[in-house]
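Structure, as structure tokens:
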Amino acid sequence: MKQLPKNFYWGGSVSSFQTEGAYDEGGKGVSIYDVRPTPEGHADWKVAIDAYHRYSEDIALMKEMGFNFYRFSICWSRIIPNGDDEVNEEGVAFYNRLIDELIENGITPMITLVHFDMPYHLVKEYNGFASRKVVDLFERYARVCISRFGDRVKHWMSFNEQNLHAMNLLYSNAEEIPEGVSKEKHLYQVAHNVMIAHCKMVKAVRELAPDAKVGGMTTITAFYPATMTPQNNLFVQEMNNLVNMWTVDVQANGRYPEYYSAYLKERGWFPHFEEGDEELLQYTSDYLAFSYYRSNVLTSGELDLEHDYASLLDKHVIKNPHLEATEWGWEKDATGLRIVMNDMYARFHKPLFILENGMGARESIDINEQVQDDYRISYHRNHIQAMKDAMLKDGVECLGYVTWGPIDIPSSSCEIAKRYGFVYVNRTDQELLDLRRIPKKSFYWIKKVFESNGEDLQ
């Protein structure tokens, strides 16, 4: 009977700003997340789950769950406080301790350099990735990290969910639109700058850590047509290309795909290329990493000449009557994962790497200090089975299954109430409480799955 490879990766993903806390400790500079307001009723980022002080406890829990892989992001302002000043040796020492402890516990580390975060100084002075100066400063930051950690870290990621940088200026911290420039023209120029930054990071890994693997990362949503009309099917195909695939295309093939270039040129939104940019794009990835959480049904539409595709997309999403959804409206669709894996592998013929998968839910501990999260067990069981089917039945090559937020962390909008983890963290959006880590029912189930290399899904 076919089984997953013996060296398959199982683990979890997090970001620095959603875990570390210690916002003003260890020589860290001010990051954009230290000053960006959070929605009313949500927490702030000052403490998060205090992983800066509690990472040893968290690593022990990960080891107990059978992790052999952990993807975390580095806080740029902990390494270079203002983004353009000197290296903060206290920050380097913190990540050295974290990396060493992961390896001592048999857990392979992967570093993501930017998970929507950057020093606030670079936002205030340069408008984030709107500036090629920040692209160069990112390259410097990348080279510092690779040179300091690359002797032990053999998996590198540039940007989290890079396709989002072509959908919302918030992610690039480039929200100030220059006078006389349309929002769309600015948006796609920023997305190009981010792509060049990604390629400069790949080049740096090739030079400084040639034995390491490097990838780009995309967030993928499976799209289905609401009707069987040819136009609806065409619209879904167009949205899949533009929303999901153009960044993957560049990372796999080393050039802008024709559908993306044609779309931008027809509207006058094609970005300015500086000398050497085309050559930089040719620094391709070793594997194609992605997050997958859900699918969407789209009504029929057409790409117009005025609206960027991301804003157009939102107008065409409707509820799928055949799927259950989380409280936040994210429809649970394991089959969609198999479809996405087949599509990506058939297009690009590079190994895939699932770096985020999971579901959020409101939870509290019961009188016995337990969380009975059977819904989470069901979600992961279905998605792991779909991944196995893609690999073992369809022939897709995939390197690992890495869950999002394996220990409860605040969501991307700093909502503690939206919990993803197999471990409950005892705090709320309003109260820190004692931050105790309490294994949920899913903790013991995922331990069984990981330790059996995905064989035992019962």
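Reckoned from all heavy atoms, side chains included, excluding hydrogens, waters and symmetry mates. We're numbering straight along the sequence, starting at 1.
Stacking of R36 on the aromatic ring of Y33 is recorded, both the 6.0 Å distance cut-off and the 45° axial limit being met. For the pair K418 and W330, the cation-pi test (distance below 6.0 Å, angle within 45°) is passed.
Here salt bridge (Lys or Arg N to Asp or Glu O under 4.0 Å) pairs that include residues 433-442, with residues two or more places apart or in two chains, are D58-R437, E363-K440, E369-R436, D374-K441, D408-K440, D434-R436.
Residues passing the salt bridge (Lys or Arg N to Asp or Glu O under 4.0 Å) test with K46: none are found, sequence neighbours excluded. Shown here are the ring pair (Phe, Tyr, Trp, His ring centres under 6.0 Å) partners of W328, two or more places apart in sequence or in another chain: there are none. Here Y345 pairs with nothing under the ring pair (Phe, Tyr, Trp, His ring centres under 6.0 Å) rule; sequence neighbours left out. In this view, D100 and R152 satisfy the salt bridge (Lys or Arg N to Asp or Glu O under 4.0 Å) rule, not counting sequence neighbours. The salt bridge (Lys or Arg N to Asp or Glu O under 4.0 Å) search around D343 returns R347, not counting sequence neighbours.
For N82 and H121, the side-chain atoms include no donor-acceptor pair closer than 3.5 Å. Side-chain contact of Q18 with S15: a donor-acceptor pair under 3.5 Å is present, judged by distance alone. At a cut-off of 3.5 Å, with distance as the only test, a side-chain donor of E25 or H53 sits close to an acceptor on the other residue. Between the side chains of E161 and S291, at least one donor N or O sits under 3.5 Å from an acceptor N or O.
The closest side-chain heavy-atom distance from Y52 to Y23 is not below 4.5 Å. Side-chain contact check for F422 versus I407: every heavy-atom pair is 4.5 Å or farther apart. T284 is not listed as a side-chain neighbour of V202, based on a closest heavy-atom distance of 4.5 Å or more.
With salt bridges taken as basic N to acidic carboxylate O contacts below 4.0 Å, none links K447 and E64. Between D277 and R132 there is a salt bridge, since at least one side-chain N of the basic residue sits less than 4.0 Å from a carboxylate O of the acidic one.
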